[in-house]
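Computed over heavy atoms, backbone and side chain alike; hydrogens, waters and symmetry mates excluded. All chains are named by letter (A, B, ...) in the order of the sequence lines, taking the proteins before the strands, and each is independently numbered beginning at 1.
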There are 2 protein chains.
Amino acid sequence: MPSRLEELCVQKGLKMTDQRRVISRVLSEATDHPDVEEVHRRASAIDPRISIATVYRTMRLFEEAHVIDRLDFGDGRARYEKTRTDHHHHLIDVETGEVVEFASEEMERLKEAIARELGYDLIGHRLELYGVARSRRQEPQGDS
Amino acid sequence: MPSRLEELCVQKGLKMTDQRRVISRVLSEATDHPDVEEVHRRASAIDPRISIATVYRTMRLFEEAHVIDRLDFGDGRARYEKTRTDHHHHLIDVETGEVVEFASEEMERLKEAIARELGYDLIGHRLELYGVARSRRQEPQGDS
DNA sequence: ATAGCTGCAAAGCATTTGCTGCTAA
DNA sequence: TTAGCAGCAAATGCTTTGCAGCTAT
């Protein structure tokens, strides 16, 4: 059974090879935001004859076809997620690296309003929050 | 006359060498958001015996002393600005690279509220808007 | 045949670092 | 003298790319 992401790729006219199929399946099944190395690791577990260069090339290909989105959490490497229809943003737990997704209609309105006020039409935007779980704050065994 | 940024550095207990003085002056006089290469270029114009490695080391030093802030506009290199007391964000003109600063009390409130709702205390955040000047949109001579 | 894809290794870019000589207290 | 700094070049980490062989049509 082709993954949902593979079907999307085909719709976009992408030629699907074995390695692209494996990568699309890995991405389709991911519930997190893996970087290229992690995608390569998971893809290699399915089919070891897949090089990191191909993963890089495929990620770029998929990104240009708008079936995945590149994320930048400021740590120097790109993360990816399936393209979604809903606007959403990410809150990164700075202690665990965990990523919490959230959406806010108010935020959408506000950034449009700000751009308009400044005389601009909004093309894109980026918003991430970095935080620590409030429950963890009162536990005094923090070892950093 | 020492630059304001140099004075700040001294207050923070940093040892000021000739090259650090030059770099602090460059940063103090900057009204834009230069990257390391640009800081090096401007510093070299004042005193040519200053290496890019020293600029990198000094930027990190200044950043750790909280006299400058590192910015990331998503183009792979770090930009810098003097540390300011006011919360503000950046709108990047995707056609000219120009950076417009803005502040929004509503935005500050909103992101705090979102984090709290998700059960987190906010440690940091990142927000950039990318846009095109509305005035430029109707001029049909766009050559891209 | 032929266009396009892959793997490998080399190159690229921003940034960091090991080392050695220098500099200021 | 001695701790810390600067310059240089080599190393790093992520990503891209040149090249030659392979694979489907």
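- The side chain of A:R20 lies closest to C:dT6 when the candidates are C:dT6, D:dA6, C:dA14.
- Classified by interplanar angle (parallel below 30°, tilted 30° to 60°, perpendicular above 60°), the ring pair B:H125/B:H87 is parallel.
- Protein atom CE of A:M16 is 16 Å distant from nucleotide atom C1' of D:dA24, rounded to whole Å.
- Rounded to an integer number of Å, the gap from CD1 of B:I52 to C1' of C:dT16 is 12 Å.
- The nearest whole Å value for the distance from the CD atom in B:E38 to the P atom in C:dT15 is 14 Å.
- Residue-level contact check: B:I50 touches the backbone only, with heavy atoms under 4.0 Å from sugar-phosphate atoms and none from bases.
- Taking only side-chain nitrogens and oxygens, B:Y56 never comes nearer than 4.0 Å to OP1 or OP2 of C:dT16.
- A salt bridge is absent between A:D72 and A:R79: the closest approach of a Lys/Arg side-chain nitrogen to an acidic carboxylate oxygen does not fall below 4.0 angstrom.
- Applying the 4.0 Å criterion to OP1 and OP2 of D:dA6, one finds that B:T17 has a side-chain N or O inside that range.
- Regarding A:D72, its CG atom lies at a distance of 12 Å from the C1' atom of D:dC14, rounded to whole Å.
- Taking every heavy atom of both residues into account, B:R20 and B:F62 meet most closely at O-CZ, 3.8 Å.
- Residue A:T54 places at least one side-chain N or O closer than 4.0 Å to OP1 or OP2 of C:dG7.
- Between C:dG4, D:dA9, D:dC14, one nucleotide has an atom nearer to the side chain of A:K15 than all others, and that is C:dG4.
- The residue among B:D75 and A:D18 whose nearest nucleotide of DNA chain C is located toward the 5' end is A:D18.
- With distances taken from any side-chain atom of A:R57 to the nucleotides C:dT6, D:dG7, C:dT15, the minimum falls on C:dT6.
- Taking atom CZ of residue B:R70 and atom P of nucleotide C:dA14, one finds them 14 Å apart after rounding to whole Å.
- If you check every strand for non-hydrogen atoms under 4.0 Å, A:Q19 touches sugar and phosphate atoms only.
- The side chain of B:A78 lies closest to C:dT15, out of C:dT15, D:dA6, D:dC14.
- One interatomic measurement links the two molecules: NE2 of B:H40 to C1' of D:dG7, which rounds to 10 Å at whole-angstrom precision.
- Distance B:I23 CD1 to D:dC5 P: 13 Å, rounded to the nearest Å.
- Between the side chains of B:E38 and B:H33, no donor-acceptor pair is found at a separation under 3.5 Å.
- In the hydrophobic clustering of ILVMFWY residues, with side-chain heavy atoms under 4.5 Å counting as a link, A:L71 and A:V67 come out apart.
- Rounded to an integer number of Å, the gap from CZ of B:R60 to P of C:dT17 is 6 Å.
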